[in-house]
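Structure record follows, encoded as structure tokens.
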Amino acid sequence: MDIAALRAEQLATAGKIIRHDDFAFTQPALIAGADVGFEQGGEVTRAAIALLRFPSLELLEYQVARVATTMPYIPGFLSFREYPALLAAWDKLGRRPDLLLVDGHGISHPRRLGVASHFGLLVDIPTIGVAKRRLCGQFASLAEEEGALAPLMDKGEQLAWVWRSKPRCNPLFISTGHRVGLKSALHWVQLCMRGYRLPEPTRWADAVASNRTAFQRWQQGRDEADFFPPQ
DNA sequence: GCGACAG
DNA sequence: ATCTTGTCGC
């Protein structure tokens, strides 16, 4: 792998990211979350995308894809490691969401092309980056209260919001992925909260990817509906 | 040179 | 991210 070439590719691609609202909906009807994990010591990359109805946030569909890992994790180059699996899961999805929440940063990236932005551009859909940790930029210390907010600044521009979504939890870093402005990014994420640190689309994608009990129960309920379809 | 560093 | 048990706190 040629890191210098990837860096050049990022710089060229970042210029194509649309940082303002560029969508038809007043409110999304379908919203999705994407999460990536690894198996077998990193040999296999597993991506999960969960599709939810908005604003009820009920899980409608999910897809999981497993592909051979092609790149190691290098800070600043996460998208090259994760997007092949994300694309595979995306292609399996029966319906297209109006908006997609991606785990990781959007434009709050050294070259303004985090995985949320890169993937959003690849599939040409509005995306928002929801990261759990800072990659670059600075922000003022955040108040302890739930809802505390601060801008993430880098080189004189705001790249994201640092937002405490839940008390006694580390804040989230919410940024423009593609075709969504910063203000809207925070707005939609806030409408996806249901009392946990992470927004529901992200939580469901994580639950699916990790086969958590919440997902198992949902799947069991769906199976029963198949055996005993409502008259 | 040194520290920082999404998932 | 992943490997993993108990444990502290609300």
Side-chain angles (χ1 to χ4, degrees), chain A residues 1 3 6-7 9-10 13-14 17 33-50 64-89 100-122 127-139 141 144-146 151-155 158-178 182 185 189 195-199 201-213:
Chain A
M1 105 199 77
I3 294 299
L6 295 183
R7 179 179 285 105
E9 182 180 336
Q10 287 180 329
T13 308
I17 295 303
D35 187 35
V36 177
F38 297 87
E39 304 171 9
Q40 299 169 21
E43 297 296 309
V44 175
T45 304
R46 171 180 16 75
I49 297 181
V64 179
R66 299 172 72 253
V67 306
T69 304
T70 57
M71 269 207 34
Y73 167 65
I74 303 171
F77 297 88
L78 180 68
S79 68
F80 295 105
R81 175 173 165 85
E82 298 194 338
Y83 83 66
L86 286 170
L87 281 177
L100 175 68
L101 272 48
V102 180
D103 73 295
H105 289 280
I107 62 170
S108 40
H109 174 279
R111 289 164 297 284
R112 312 300 185 249
L113 193 75
V115 61
S117 295
H118 201 165
F119 187 71
L121 184 69
L122 287 174
T127 59
I128 296 171
V130 180
K132 303 177 206 66
R133 307 188 61 150
R134 182 194 72 101
L135 175 59
C136 69
Q138 311 80 226
F139 62 98
S141 62
E144 292 298 326
E145 300 80 58
E146 171 175 359
L152 180 71
M153 304 294 296
D154 190 37
K155 297 175 179 173
Q158 183 183 354
L159 297 182
W161 292 109
V162 185
W163 181 54
R164 196 180 305 284
S165 56
K166 189 177 164 72
R168 297 176 307 282
C169 284
N170 292 323
L172 262 27
F173 297 78
I174 299 163
S175 61
T176 291
H178 183 49
L182 266 183
V189 168
Y196 296 93
R197 183 194 178 206
L198 297 173
T202 305
R203 291 187 67 242
W204 273 115
D206 181 68
V208 169
S210 305
N211 198 29
R212 301 203 189 293
T213 55

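Numbers restart at 1 for each chain; the letters A, B, ... are given by sequence-line order, proteins then strands.
Among the protein residues, A:Gly76 comes within range of the nucleic acid bases, having at least one heavy atom under 4.0 Å from a base atom. The residue A:Phe38 sits close only to the backbone: its heavy atoms come under 4.0 Å of sugar-phosphate atoms, none of a base. Within the nucleic acid shown, A:Gly37 comes within 4.0 Å of sugar-phosphate atoms alone, with no base atom in reach, counting heavy atoms only. Residue A:Phe77 is in base contact, counting any heavy-atom pair closer than 4.0 Å across all strands shown. Within 4.0 Å of A:Glu82, counting heavy atoms only, lie sugar-phosphate atoms of the nucleic acid but no base atom.
Which of B:dC5, B:dG7, B:dA6 sits closest to the side chain of A:Val115 comes down to B:dA6. Side chain of A:Lys132, nearest nucleotide from C:dC10, B:dG7, B:dA6: B:dG7. In this structure, of B:dC5, C:dT2, B:dG7, it is C:dT2 that holds the atom nearest to the side chain of A:Arg46. Comparing C:dC10, B:dG7, B:dA6 against the side chain of A:Arg168 picks out C:dC10 as the nearest.
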- For DNA chain B, what string of dots and brackets results from 5' to 3' when Watson-Crick and G-U pairs need both distances under 3.5 Å, crossing pairs get [ ], and pairs with another strand get |? .......
- Task: Could you walk me through whether A:Leu159 and A:Cys136 pass the side-chain contact (heavy atoms from CB on, under 4.5 Å) test, one step at a time?
- Result: CA-CA 9 Å; A:Leu159 297 182; A:Cys136 69; 4.2 Å; yes
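Across the protein-nucleic acid pair, A:Ile74 atom CD1 and B:dA4 atom C1' stand 15 Å apart, rounded to whole Å. Atom-to-atom, NE2 of A:His118 to P of B:dA6 comes out at 19 Å; the value is rounded to the nearest Å. Between the CG atom of A:Leu152 and the P atom of B:dA4 there is a distance of 17 Å, given to the nearest Å. In this structure, A:Leu78 atom CG and C:dT2 atom C1' are separated by 15 Å, rounded to whole Å. In this structure, the CZ atom of A:Arg81 is 12 Å from the C1' atom of B:dA6, given to the nearest Å. Distance CG (A:Leu113) to P (B:dA6): 16 Å, rounded to an integer number of Å. A:His109 places its NE2 atom 12 Å from the P atom of B:dG7, with the value rounded to the nearest Å. Residue A:Arg133 contributes atom CZ, which lies 9 Å from atom C1' of B:dC5 at whole-angstrom precision.
In terms of modelled atom types and a separation under 3.5 Å, the side chain of A:Ser79 and the main chain of A:Val115 share no donor-acceptor contact. Under the 3.5 Å distance criterion, the side-chain polar atoms of A:Thr202 are left unmatched by any main-chain donor or acceptor of A:Gly33. Checked by atom type and distance alone, the side chain of A:Arg197 never pairs as donor or acceptor with a backbone atom of A:Lys166 at under 3.5 Å. Side-chain N or O atoms of A:Thr127 include one that pairs as donor or acceptor with a backbone N or O of A:His178 at under 3.5 Å. Under a 3.5 Å cut-off, the side chain of A:Gln40 and the backbone N or O of A:Gly42 do not form any donor-acceptor pair.
Residue A:Arg134 has a polar side-chain atom (N or O) positioned under 4.0 Å from OP1 or OP2 of B:dC5.
In this pair, A:Tyr83 and A:His118 present their aromatic rings tilted. The plane angle is within the 30 to 60° band.
For the pair A:Tyr73 and B:dG7, the ring geometry qualifies as stacking, because the centroid separation is below 5.5 Å while the planes lie within an angle under 30°.
Side-chain atoms of A:Pro199 and A:Val130, non-hydrogen and from C-beta on, do get closer than 4.5 Å to each other.
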